[in-house]
Amino acid sequence: GETIRIGIAGYGNLGRGVEAAVEKNADMNLVGIFTRRSPADLAPLRPQTPVYNMDELAAHEDGIDVLILCGGSKEDLPQQGPLLAAQFNTVDSFDTHARIPEYFESVDEPARENRKTALISAGWDPGMFSINRVYGEALLPDGDTYTFWGRGLSQGHSDAVRRVPGVAGGVQYTLPSQPAIDKVRSGSRPQLETRQKHTRECFVVLEQDAEPAAVREAIVTMPHYFDQYDTEVHFISAEELARDHRAMPHGGFAIRSGNTSSEHAQVIEYSLTLESNPEFTASVLVAYARAVHRMNKQDQFGAKTVFDVPPGLLSPKSAADLRAELL
Ligand code: NDP
């Protein structure tokens, strides 16, 4: 069969995950990593993986079938997405939910004009959870959709904790509330307040002279981030933080509960338990790169989302094999 040639643009947690994921897909080959930093400063997982500066991307236009954009959603993708979609077929994991419509528009035109296919906002949320929310709504129109996240490390909330005066280091975990999940799973379609659905747990290293009670108060009352939740704050040592909180676990549940008649409730649930959020997200991006490569060959140009991709295109198997084996 044919080999799909993959490039990685940006080498952080997600970029490393893509490098690992390409290894697991026999029909793919990694052309190289492209970074804004000096290539010599990067240590790829596999020493033989070529590393280039982002400036060298143009020279690889004919050598890359799909470029996987691994920059951050806040600063990198709004700038890199439209630019790179003019030159390459792309896949990204843009996850600022409120900005997805405008990001879609910004990528659509350059991709369309240059006969490229740009799949935006893949991953797990947005991504696999989004697909399951659509299935849920379409199959059970008389129903309610519930998304629970965690237990997982939240990058944004961890950053917010670290900015509190007196905090030397720390992480924040989001936890789904078990009583709330149990109620939803029962099919009773509860109305749940923000505070009832999730709790937050912080592990904080204090600066030398910091006052624990003041730090705790500053965290639990922080507007938007913590004030609408019940938050536990644990003070730990720098050694404990380094030893016990380096992994990036995450996951959650996308649940649709609906009624198909006055007699019967139905519950659909999709759940993820992830030891590594970036490695799983990268695995999703790589599967979507296969689909993007195929859609581009079918002249399906412009920006796309996971809603526009038929599931069979994600698989390395042929449509006939899928019918025989998985239907
Ligand atoms: P990182 O901060 O690790 O990396 C982002 C970019 O920063 C990299 O592409 C890299 O670009 C640069 N960078 C990385 N490390 C360094 C460093 N040590 N010094 C200087 N620059 C560095 O972010 P993640 O990889 O963890 O996440 C990327 C995005 O993925 C997130 O913003 C999030 O939006 C998205 N995401 C989406 C999910 C979903 O379900 N849809 C789930 C998880 C994440 P360069 O190499 O060019 O310098």
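For ligands, and for the atoms within them, numbers begin at 1 and follow the listed sequence.
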From CD (Glu325) to NZ (Lys317), nearest 0.5 Å: 4.0 Å
To the closest 0.5 Å, what do you measure between OG (Ser158) and CG (Leu153)? 4.5 Å
Minimal heavy-atom distance between His60 and Glu56, with the atoms involved, is ND1-O, 3.0 Å
Using every non-hydrogen atom in the two residues, find where His264 and Ser261 come nearest and quote the distance to one decimal. N-OG, 3.2 Å
Set of residues that line ligand 1, where lining means a heavy atom lies under 4.0 Å from it: Gly10, Tyr11, Gly12, Asn13, Leu14, Thr35, Arg36, Arg37, Met54, Cys70, Gly71, Gly72, Ser73, Asp76, Ser93, Asp95, Ala122, Gly123, Trp124, Asp125, Pro126, Asn277, Thr281
Salt bridge or not for Arg99 and Glu105, using N-O below 4.0 Å? no
So which residues get pulled into Tyr229's cluster when ILVMFWY side chains under 4.5 Å apart are joined, directly or through others? none
